[in-house]
Every structure is written in C-alpha cells, then in structure tokens.
Amino acid sequence: MLKKRVWVSLLLAILLLLSACSKGETGTTPENTAEGNNEGAGSELKPAKLKIVLYGEESLRMKELAKAEFKDIVKKEINAEIEFQFIPWTEYGGGKTDLMLSTGEDFATYTDTNYMVKSVAKGLYADLTPYMDSEAAADMKKTVDDNSFKAFQLGGKQYAVPVGNKPNSGEFYSVLVRQDLLEEVGMSSVSSLAELEQFYDKVHAAHPELIGYASTDARRMLMYEYTDKNLYWQNDFLAIDEAADGDQIISWFESEEFKAYSQLIRSWYVKGIIPKYAATNTPQLQSDWNSGKAMFWAGTAARPFEGAATISQAVPTAKLTNYFLSKDLPKISRGTYSTAWFVSANAADPERYVMFFNLLQKNQELYDLFAYGIQDKDYTLDENGRLTRNTTDSLIPDWLLMNKNFIRFDKSVPDDFITQYKAWDDEAIISKGAGFNFDNTPVKNEETKINGVFSEFLAPIASGFLDYEENFPGALEKLKAAGFDKYIAEYQKQFSEWYAAKS
C-alpha cells in the first residue's frame, strides 16, 4: 500500500511539472491572453442568450453585421449569443411589446419613463438594482450622469439603464427647418410664428407637393407664442411651470394655455400646414419627412445632422437648422441620456443584458462598431476623426447610442454647428420634476379610462383635427367621468411628497 501511494504521488508531481512547463512555453503568448484570443474577457462567464428588440426596419447591412461582427464581439466580451429582432415603431410602448412582456419572453429593449411606470406596475420589468454595483454599471457611470440613472428609478429601484450622453435641453421646443427651402424663397431665418407661417406660404406656392409640418404635436415648439409660462410636460395630461416656485401640477387640458394652443393648431390643420391625411394616417408624416417631402419638424440639438443623413438620400442639397420662436425663457433639460433599456421580468440573465448595455458605450472602438460598422468598409475617418460613410444602411440607430464622448461627426457637418451642439445645454435648467416617476397603482383603473378618453376625444382636438369650442366640453365631461380629478389629486400628492423630500 505504501509503494502504491508513493507511485501515485510521483505521478502527480510529474503531471504538475509538465503542466507548469507547458504554461511557461505557451501560456503567455499574445494569442493565448484574454486580450489576444477569440474568447476574451467573456470566456470566464457561463454562456447566455440575449434578444435585443429594436424598432423600425432592419437594413441589409445590419443583418450581415448581426450575424458576424456584432455576434462575434458580444460572444468575445460577455460570452453571450445575441439575436436582434426588429419590429415596427407602431408596436413601441404597447402592441407587440406588451404582448411579448405579458407572455414572458426573454428580451430587452428601450423605454421612456411613462411606459416604464406602467410596465413596472404590471410586474413586467426586471429589477436591475442588484447589478448597479457591478463592473459594467461602474463603466457606464463614467459616461452617463447620475441624474440619468435616477430618472429610471421607482421606489429607489433601478428598472431601466440609461444609454447615451447628449445635449437634451429644449427637446422638441425648437422648429427644425429645411434651410435650403428657406433660402430658396428668399428668407434667411425664422424667429416667430408669423415668419414660420410666411415660410410655409412661400414654399407652398413654389412647391405645392410638399407638406408643412411633419407632426401633429407642436405644444412645445409653439409654447413661446401662446403662454408666458415655461411649461414642461410630465405626460399627456399634466405639466409644470419651470418659471414658477413650488410644486404645483398644471392640468394641461383644463388650462387657458391648452385652449389657446388648440385653436392655433386647429388653424394649421385648416390651412393645410398639417396635411388632412394626418387625421387617419399619422405615420405617413414621418415617412414624408424622411423622404424630404416636408418643410419643418420639431427639433432637438442633434436633429440637424441626424435628420440630414436620412433626407439627403432623397434630397442631396437638403440643409436643416434649428430655430426657437420668440424664445425668451431658459431651455429645460430632463437629463443627458438618449434613452434607457429595460429587461423583461422573465429574463434568465438580467445581469448579462446590463453587460451588453455597457458594451454600447464602453469605449470608442465598441461605439464605432455598433454605430458605424467596420472601419474602411462601412466608413472611413480622416485625420481629424471626421466620418465618411461608405454605406447608407442604418445599424443600431445613431440617436439611440448618441454619446458626446464618442460620437463621430460627418465631414459635411460644419464646425460652427459642432460648436453650437456642444454648447447647447449651456445655461439650461434641469426640470424641477427630473427624476420623479409616478406610481399609478392607487389610480390604475382611472388611468386606463382617461387614456381611452385621451385617444378618442382629446387627441383629435390637440392635433387640430377637431374644433375646440365644439368638441372640448364633451371631451372634458368624459375625462371627469373617467376619474381624472382623483388621478390628478394622487399625482399632486406624490409629486409634492417627492419634491419636499428632494428640497
């Protein structure tokens, strides 16, 4: 027995020695390090499967990259097999997205705060709080500010992870004008409602085939014309005045401001600035804008170069410029995030999704890959880091990823615009409601009913399709019958408590 033990010990020693020699010869070569092999840092993780839902149409190039380079990098970095699924924008915030959530599918996609609150109340989003101290979350917090994370918290829990870091103040408060059309009709700028309507009249005379405004909601864009308040909307029903002290919630539809606005937007519909087809085919407005068939749209800091990339495919001479109408109030910011990603409640590995979110903005190399594709194939860079795309196919949408730390500007973007873009948030104010998320549980039934009233009776008035004087009294009566007073009282109560605690 003793001899047997000795031989076993000698055999183990020899095996260990051979193993050590083998590592000494090959273990430190570049192709076998985490940085140099095909496994990468993710090789230490167990395999996982991720489904990322994106909205819109999937391009041919996106399909190619999703099966090759995107797939490979996700496998290497976080040892996950990834599937990108595209569904129509009409399914965002409801529709098929709700169906996928309610049937327990394992996926992640982007959200807004209102949709988050509704979905969390139904138990449809995973709680991502346990992963907010992870290495991936620490990475993200280097390029995404703390206010953006707070915007997607409920009850101190993180239900979505913000992505992006961009100037967001005054979002949709400016008018994005086709500058090439403006100059064609002998105008240089737009600074008031009267000038905007003059622009429409002149371009309509020259190009009757074009539509005016490529949307049906201009409450922000026209705000400086119909009120002295600095309004910021919490949702479709409620607003706050950023210029006033205190925590007072404004019932938008019951305000004099809504009456003035609805009459203004009605005049646009009657005049044809908003096309008649918008009443039955609102999605067509977006298509017309993208194809260069519209004169103006609501603007953001980034839209002049975001929009130009699409429109220039149809109209190579198109130029876009932001203007504020009669602006004399500070711009309002909700935070610097582009959007935020949630993970479905039944996901098998929520933390791996958080790791994927981090890849989107972890460093310049990964950002370039997801946003622009393969260098020297999908795009080239000049000596100043300016981008030239070799393919017009969209990948993961630019607006979704947009992070000012990594964004590449096209050669066609003027230097003065880049300067303006980077200074866009200067002197902006953070909304007094930034970070507040309403818990609708106490008025869940009422909210469902008032959303129905909004869609059927109030939205057509707010879009100019129906006359305010003739239709609003009946719509307001239905809103009250649906429990709106109880809803706004609960909202005010929660907001006041949150506001007092914050102060």
K.L.:
Does the side chain of S59 come within less than 4.5 Å of T392's, by heavy atoms?
P.N.:
no
K.L.:
Any side-chain heavy-atom pair from I52 and Q85 closer than 4.5 angstrom?
P.N.:
no
K.L.:
Can you find a pair of side-chain heavy atoms, one from R386 and one from D410, that are under 4.5 Å apart?
P.N.:
no
K.L.:
Name the orientation class of the two ring planes belonging to F296 and Y213 (parallel below 30°, tilted from 30 to 60°, perpendicular beyond 60°).
P.N.:
parallel
K.L.:
Sequence neighbours left out, what passes salt bridge (Lys or Arg N to Asp or Glu O under 4.0 Å) with K142? Give chain and number order.
P.N.:
D139
K.L.:
Measure the acute angle between the ring planes of F370 and F70, then classify it against the limits of 30° and 60° as parallel, tilted or perpendicular.
P.N.:
tilted
K.L.:
What distance do I87 atom CD1 and E58 atom CD have between them, rounded to the nearest 0.5 Å?
P.N.:
12.5 Å
K.L.:
Within 45 degrees of the axis of the six-membered ring of Y337 and under 6.0 Å from its centre: does R334 put its NZ or CZ there?
P.N.:
yes
K.L.:
Any idea which heavy atoms bring G104 and N346 closest together, and the distance?
P.N.:
CA-ND2, 3.1 Å
K.L.:
Under the criterion salt bridge (Lys or Arg N to Asp or Glu O under 4.0 Å), I'd like the reasoning laid out for R61 against D378: C-alpha separation, chi angles, the key distance, then a yes or no.
P.N.:
CA-CA 9 Å; R61 185 60 179 141; D378 297 298; 2.6 Å; yes
K.L.:
For the residue pair W424 and S174, what are the closest heavy atoms and their distance?
P.N.:
CH2-OG, 4.5 Å
K.L.:
With distance as the sole test, does T227 use its side chain to make a donor-acceptor pair with the main-chain N or O of M223 at under 3.5 Å?
P.N.:
no
K.L.:
Could you label the plane-to-plane angle of the F495 and Y491 rings as parallel, tilted or perpendicular, counting under 30° as parallel and over 60° as perpendicular?
P.N.:
parallel
K.L.:
Hydrogens and angles aside, do T97 and E91 bring a side-chain donor and acceptor to less than 3.5 Å of each other?
P.N.:
no
K.L.:
Indicate the atoms forming the closest heavy-atom contact of L101 with S119, along with that distance.
P.N.:
CD1-OG, 4.4 Å
K.L.:
Among all residues two or more places apart in sequence or in another chain, which pass the ring pair (Phe, Tyr, Trp, His ring centres under 6.0 Å) test with F406?
P.N.:
Y367
K.L.:
Can you tell me how far the CD1 atom of I265 sits from the CG atom of L222, to the nearest 0.5 Å?
P.N.:
6.0 Å
K.L.:
Checking side-chain polar atoms at under 3.5 Å, does N403 have a donor or acceptor matched by the opposite partner on N405?
P.N.:
yes
K.L.:
Has K71 got more than 12 heavy atoms of other residues, nucleotides or ligands less than 6.0 Å from its NZ?
P.N.:
no
K.L.:
Between K150 and D146, is there a salt bridge with N-O shorter than 4.0 Å?
P.N.:
yes
K.L.:
Y55 and F86: aromatic ring centres closer than 6.0 Å?
P.N.:
no
K.L.:
Output, in order, the C-alpha distance, side-chain angles, deciding distance and verdict of side-chain contact (heavy atoms from CB on, under 4.5 Å) for E197 and W268.
P.N.:
CA-CA 9 Å; E197 293 184 348; W268 275 20; 2.9 Å; yes
K.L.:
Treating K432 as the side-chain partner and D241 as the backbone partner, does any N or O pair qualify as donor plus acceptor under 3.5 Å?
P.N.:
yes
K.L.:
Is there a side-chain contact between R219 and F258 (heavy atoms, below 4.5 Å)?
P.N.:
no
K.L.:
Okay, side chain of Q158, backbone of F149: is any donor-acceptor separation there less than 3.5 Å?
P.N.:
yes
K.L.:
What I'd like to find out is whether the side chain of E195 reaches to under 4.5 Å of the side chain of Y323, using heavy atoms alone.
P.N.:
no
K.L.:
Ignoring hydrogens and angles, state whether a donor on the side chain of Y125 or T111 is under 3.5 Å from an acceptor on the partner side chain.
P.N.:
yes
K.L.:
Under the criterion side-chain contact (heavy atoms from CB on, under 4.5 Å), I'd like the reasoning laid out for E77 against K362: C-alpha separation, chi angles, the key distance, then a yes or no.
P.N.:
CA-CA 11 Å; E77 293 284 337; K362 184 176 181 179; 3.6 Å; yes
K.L.:
With a 4.5 Å limit on heavy-atom distance, are the side chains of I250 and L231 in contact?
P.N.:
yes
K.L.:
Under 6.0 Å from the NZ atom of K502, do we count more than 12 heavy atoms belonging to anything else shown?
P.N.:
yes
K.L.:
Please confirm whether Y159 and F152 have ring centers closer than 6.0 angstrom.
P.N.:
no
K.L.:
Cut-off 3.5 Å, side chains only: do S169 and D425 have a donor facing an acceptor?
P.N.:
yes
K.L.:
Is the closest side-chain donor-acceptor distance between D288 and Y277 under 3.5 Å?
P.N.:
yes
K.L.:
Y226 vs W252 aromatic rings, parallel, tilted or perpendicular, using cut-offs 30° and 60°?
P.N.:
tilted
K.L.:
Using a distance-only test with no angle check, is there a side-chain donor-acceptor pair under 3.5 angstrom linking N451 and E447?
P.N.:
no
K.L.:
Could you tell me which non-hydrogen atom of L196 sits nearest to which non-hydrogen atom of L325, and how far apart they are?
P.N.:
CD2-CD1, 4.0 Å
K.L.:
Charged N to carboxylate O below 4.0 Å: is that the case for K331 and E427?
P.N.:
no
K.L.:
Report yes if some heavy atom in the side chain of F357 is under 4.5 Å from a heavy atom in the side chain of L359; otherwise report no.
P.N.:
no
K.L.:
Check whether any side-chain heavy atom of K51 lies under 4.5 Å from a side-chain heavy atom of D106, and answer yes or no.
P.N.:
no
K.L.:
For R303, is there any backbone N or O sitting under 3.5 Å from a side-chain donor or acceptor partner on T300?
P.N.:
yes
K.L.:
I'd like to know if the side chain of K118 pairs up with that of N114 as donor and acceptor (distance under 3.5 Å, no hydrogens or angles considered).
P.N.:
no
K.L.:
Could you label the plane-to-plane angle of the Y421 and F409 rings as parallel, tilted or perpendicular, counting under 30° as parallel and over 60° as perpendicular?
P.N.:
perpendicular
K.L.:
Quick one: pull up NZ in K166 and CG in L401 and give me the separation to the nearest 0.5 Å.
P.N.:
10.5 Å
K.L.:
Is it the case that over 12 heavy atoms from other parts of the model lie below 6.0 angstrom from the CG atom of D228?
P.N.:
no
K.L.:
Roughly how far, to the nearest 0.5 Å, is CD1 of I407 from CD of Q361?
P.N.:
13.0 Å
K.L.:
Treating S344 as the side-chain partner and F107 as the backbone partner, does any N or O pair qualify as donor plus acceptor under 3.5 Å?
P.N.:
yes
K.L.:
Using atom types as modelled and distance alone, determine if a side-chain donor or acceptor of S338 lies under 3.5 Å from a backbone N or O of M402.
P.N.:
yes
K.L.:
Within the distance-only criterion (no hydrogens, no angle test), does the side chain of N230 pair as donor or acceptor with the backbone N or O of P330 below 3.5 angstrom?
P.N.:
yes
K.L.:
Between the side chain of T380 and the main-chain N/O of D376, is any donor-acceptor distance below 3.5 Å?
P.N.:
no
K.L.:
Restricting to non-hydrogen atoms, name the atom on V163 and the atom on W341 that form the minimum distance, rounded to 0.1 Å.
P.N.:
CG2-CD1, 3.0 Å
K.L.:
Pairing donors with acceptors under 3.5 angstrom, does anything connect the side chains of S431 and E242?
P.N.:
yes
K.L.:
Answer yes if the side chains of W89 and Q286 hold a donor-acceptor pair under 3.5 Å, and no otherwise.
P.N.:
no
K.L.:
Would K327 count as a cation-pi partner of Y173, with NZ or CZ less than 6.0 Å from the six-membered ring centre and within 45° of the ring normal?
P.N.:
no
K.L.:
In chain order, what residues pass the side chain to side chain contact (heavy atoms under 4.5 Å, CB included) check against N437, with sequence neighbours excluded?
P.N.:
T113, M116, V117, L154
K.L.:
Between D145 and T336, do the side chains contain a donor N or O and an acceptor N or O under 3.5 Å apart?
P.N.:
yes
K.L.:
Between the main-chain N or O of D439 and the side-chain N or O of Q494, is there a donor-acceptor pair closer than 3.5 Å?
P.N.:
yes
K.L.:
Looking at D133, I'd like to know if its CG atom is crowded, meaning that more than 12 non-hydrogen atoms belonging to other residues, nucleotides or ligands lie closer than 6.0 Å.
P.N.:
no
K.L.:
Measuring from R178:CZ to K293:NZ, what's the distance to the nearest 0.5 Å?
P.N.:
12.0 Å
K.L.:
How far does CG of N165 sit from CG of N168, to the nearest 0.5 angstrom?
P.N.:
9.0 Å
K.L.:
Please determine if K229 and E257 form a salt bridge, counting it only when a charged side-chain N lies under 4.0 Å from a carboxylate O.
P.N.:
yes
K.L.:
Establish, from distance only, whether the side-chain atoms of T129 and D127 form a donor-acceptor pair under 3.5 Å.
P.N.:
yes
